[in-house]
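Here is how names work: the chains are called A, B, and so on, in the same order as the sequence lines, proteins then strands, and each is numbered from 1. Treat the numbers as computed from the prediction; the structure is a model and nothing was measured.
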Protein chains: 2
Amino acid sequence: MDRTRPDVIAAAIEQLIFDGTFCDGDRMDEVQLADRFLVSRTPIREALNRLAHSGLVEHVPRRGVFVRQPGPVELMEMFEVMAELEAICARYAASRMTDAALADLREANQRCTKAAQANDPDAYYGHNEAFHQLIYAASCNGFLEGEARKLQRRLQPFRRLQLSLRGRMAQSLSEHDAVLDALSRGDAAEAGRALHSHVAIQGEKFHHLKAILSDKRPPRSGTDPQRG
Amino acid sequence: MDRTRPDVIAAAIEQLIFDGTFCDGDRMDEVQLADRFLVSRTPIREALNRLAHSGLVEHVPRRGVFVRQPGPVELMEMFEVMAELEAICARYAASRMTDAALADLREANQRCTKAAQANDPDAYYGHNEAFHQLIYAASCNGFLEGEARKLQRRLQPFRRLQLSLRGRMAQSLSEHDAVLDALSRGDAAEAGRALHSHVAIQGEKFHHLKAILSDKRPPRSGTDPQRG
DNA sequence: GTCAAACAGATTGTATGCAATTTGGTCGGG
DNA sequence: CCCGACCAAATTGCATACAATCTGTTTGAC
C-alpha cells in the first residue's frame with residue numbers, strides 16, 4: 001500500500017491525540033504541528049482535513065481545527081451502530097461465506113484463544129480485530145466491509161481499553177464461539193444476535209470501565225512505536 | 001451554515017460529474033478546474049480531497065484524481081447497506097420516537113401524497129427525502145442519523161432516477177404507509193421490515209431501469225436548487 | 001465606570017514557485 | 001523487428017509568501 005505523506009502525518013497526529021498530547025477541545029495549531037513534523041503547513045492541513053473527515057477533529061472555518069473526542073452519548077451511539085453493522089455482516093456471512101472463509105475464521109479464533117491463555121491482551125486485541133474483520137469480509141459486501149472497518153478503526157482505542165477488565169478475554173472468547181457456531185450452522189439470525197450482543201457488551205464494558213476510572217482523560221491506545 | 005469555498009467548489013464539481021461533464025474514469029485536471037473556477041490549485045485540491053473522502057472520486061498518489069462512478073456491483077452493495085441502515089433507524093424509531101416526531105412524519109408523508117397526486121416527481125423526491133430523514137432523526141441516534149444521511153446523499157441520483165418508472169410513486173407511497181402504520185403501533189420489527197423492503201425495492205427498480213436503458217452513462221441528477 | 005469601536009497581533013485561507021515523480025516517446029542494442 | 005534504457009514534458013506534491021479574517025485589548029466617548 002502506497003501511503004502518502006499526509007497519511008502518515010494524519011496517523012501520527014492521531015497517535016498524539018490518543019497519547020493525550022492533545023486533549024479534547026484543544027486547538028491543533030498548524031504551524032506548531034508543521035514545526036513538530038518538519039514539514040510545511042500544506043501537508044499538515046491535508047492531514048487535518050482527513051482527520052476531520054474521520055471525525056477525530058472538528059474543523060471550524062477561519063478558526064482552526066479542534067480535537068473532538070466523542071462524549072459518552074456519542075460513544076454509546078457509535079457502539080450501538082457498530083453492533084448493528086457487525087450483526088448485518090454476521091447475517092450476510094451466515095448465508096454467503098465459503099468454507100474456506102469459515103476455516104480462516106476458526107484459525108483466527110484459535111489465535112485469540114492462545115493469546116487469552118497466554119494472558120496477552122495486546123496479542124488478543126490484534127487477533128480479535130482480525131477475527132471481526134474476517135466476518136466483515138465474509139459478508140461478501142465490499143461496501144459494508146469498508147464501513148465496518150472504518151467504524152472499527154474509530155472505536156479502536158475504546159474497544160481496546162475494555163480488555164483490561166479481569167476475565168473479559170475469556171468472556172469475549174465464549175462470545176466468539178457462539179458466533180462461530182451460528183455461522184457454522186448457517187443460522188443468520190442467531191449469528192447476528194450473537195455478534196450484536198458481543199459488540200454491545202464491549203460498549204457496556206467500556207462504559208463500566210470509564211465509570212470506574214471516573215477520569216475524563218481520553219484513553220491511551222497502548223503500544224505504537226512508530227514515533228521515536 | 002458557513003459554507004467554505006472548497007465546499008462550494010466540491011459541490012460544483014459534484015454537479016459537473018452528475019451532469020456528465022466528467023465521465024467515469026476521467027482524470028480531474030487540477031489546473032483545468034482551477035482555471036474553470038477562477039481560483040488557484042489549492043482550494044481545488046481541498047475540494048477534490050473531500051470528494052475523494054465522500055467516494056465520488058478516487059485519489060491515486062502522484063497520478064491524480066479520477067472520477068469513480070460505482071459499478072453495478074458496488075451500487076447493489078450500497079443499496080443493500082442503505083436498506084439495512086434505514087431498517088435500523090426504523091426499529092429504533094418505533095420504540096423511541098415522540099408523538100411530535102410521528103406527527104411530523106405523517107405531515108411529510110402527506111406532502112408526498114400531494115406531490116404524487118400532482119404527478120410531480122421532483123416535488124415527490126424532495127418530500128420523500130425529508131420523510132426518510134425524519135425517520136433517521138427519530139432513531140434518536142445522532143451518529144446513525146449522520147451515517148444514513150451520508151449514504152442517502154451518495155445514492156441520491158440513483159434513487160431519484162427510479163421515480164421516473166410509471167406507477168412507482170404510488171407504490172412508494174403505499175410502502176410509506178406501511179412504515180408509518182408500523183411506527184404508529186410501535187412495532188419495531190415490522191417497521192424495520194417495511195422500510196428495508198421499501199429501500200431494497202428502490203435498488204431493484206434502479207437496476208431494472210438501468211437494464212432497460214442499457215446505457216453506461218452516469219445518471220443525471222436533474223434539479224438541485226441548493227446552489228443559487 | 002461602562003460600553004463600543006478601532007487597532008494590533010495572530011491565524012487561517014489562497015496563490016504561486018519549485019522539486020520530485022510519472023509517462024510517453026525515442027534512441028540504441030540485441 | 002522487438003525490447004530495454006534514457007530523456008523530456010507534464011503533473012502532482014510541497015514550501016513559502018501574501019491576503020483576509022478573527023480575537024483580544026486598548027482607547028475614547030458617554
- Query: From C/dT14, D/dT11, D/dC22, pick the nucleotide closest to the side chain of B/Arg5?
  - Reply: C/dT14

- Which of C/dA15, D/dC14, D/dC22 is nearest the side chain of A/Arg63? It is D/dC22

- Looking for any heavy atom pair under 4.0 Å, which part of the strands does A/Val31 touch: base, sugar-phosphate only, or nothing? nothing

Separation of [N] [atom2] from [X] [atom1] (nearest whole Å):
X       : N      : atom1 : atom2 : answer
B/Met28 : D/dT12 : CE    : P     : 12 Å
A/Glu58 : C/dT12 : CD    : P     : 15 Å
B/Ile9  : C/dG13 : CD1   : C1'   : 11 Å
B/Arg45 : C/dT14 : CZ    : P     : 14 Å
B/Leu38 : C/dT14 : CG    : P     : 14 Å
A/Arg41 : C/dG13 : CZ    : C1'   : 7 Å
B/Leu33 : D/dT11 : CG    : P     : 13 Å
A/Phe37 : D/dC14 : CZ    : C1'   : 16 Å

SB check [X] [Y] (cutoff 4.0 Å):
X        : Y        : value
B/Glu74  : B/Arg154 : yes
B/Glu46  : A/Arg45  : yes
B/Arg159 : B/Glu86  : yes

- Task: Kindly say if A/Arg27 contacts the phosphate of C/dT12, meaning a side-chain N or O under 4.0 Å from OP1 or OP2.
- Result: yes

- Query: Closer than 4.0 Å, any side-chain N/O of A/Ser40 to the OP1 or OP2 of D/dA15?
  - Reply: yes

- Task: Hey, which sits more toward the 5' end of DNA chain D by its nearest nucleotide, A/Val39 or B/Gly64?
- Result: B/Gly64

- Message: Are more than 12 heavy atoms, taken from residues, nucleotides or ligands other than B/Arg96, located less than 6.0 Å from that residue's CZ atom?
- Response: yes

- So, B/His198 and B/Gln202: side-chain donor and acceptor under 3.5 Å apart, yes or no? yes

- Base of C/dT22 paired with side chain of B/Arg62 (donor-acceptor, under 3.5 Å): no

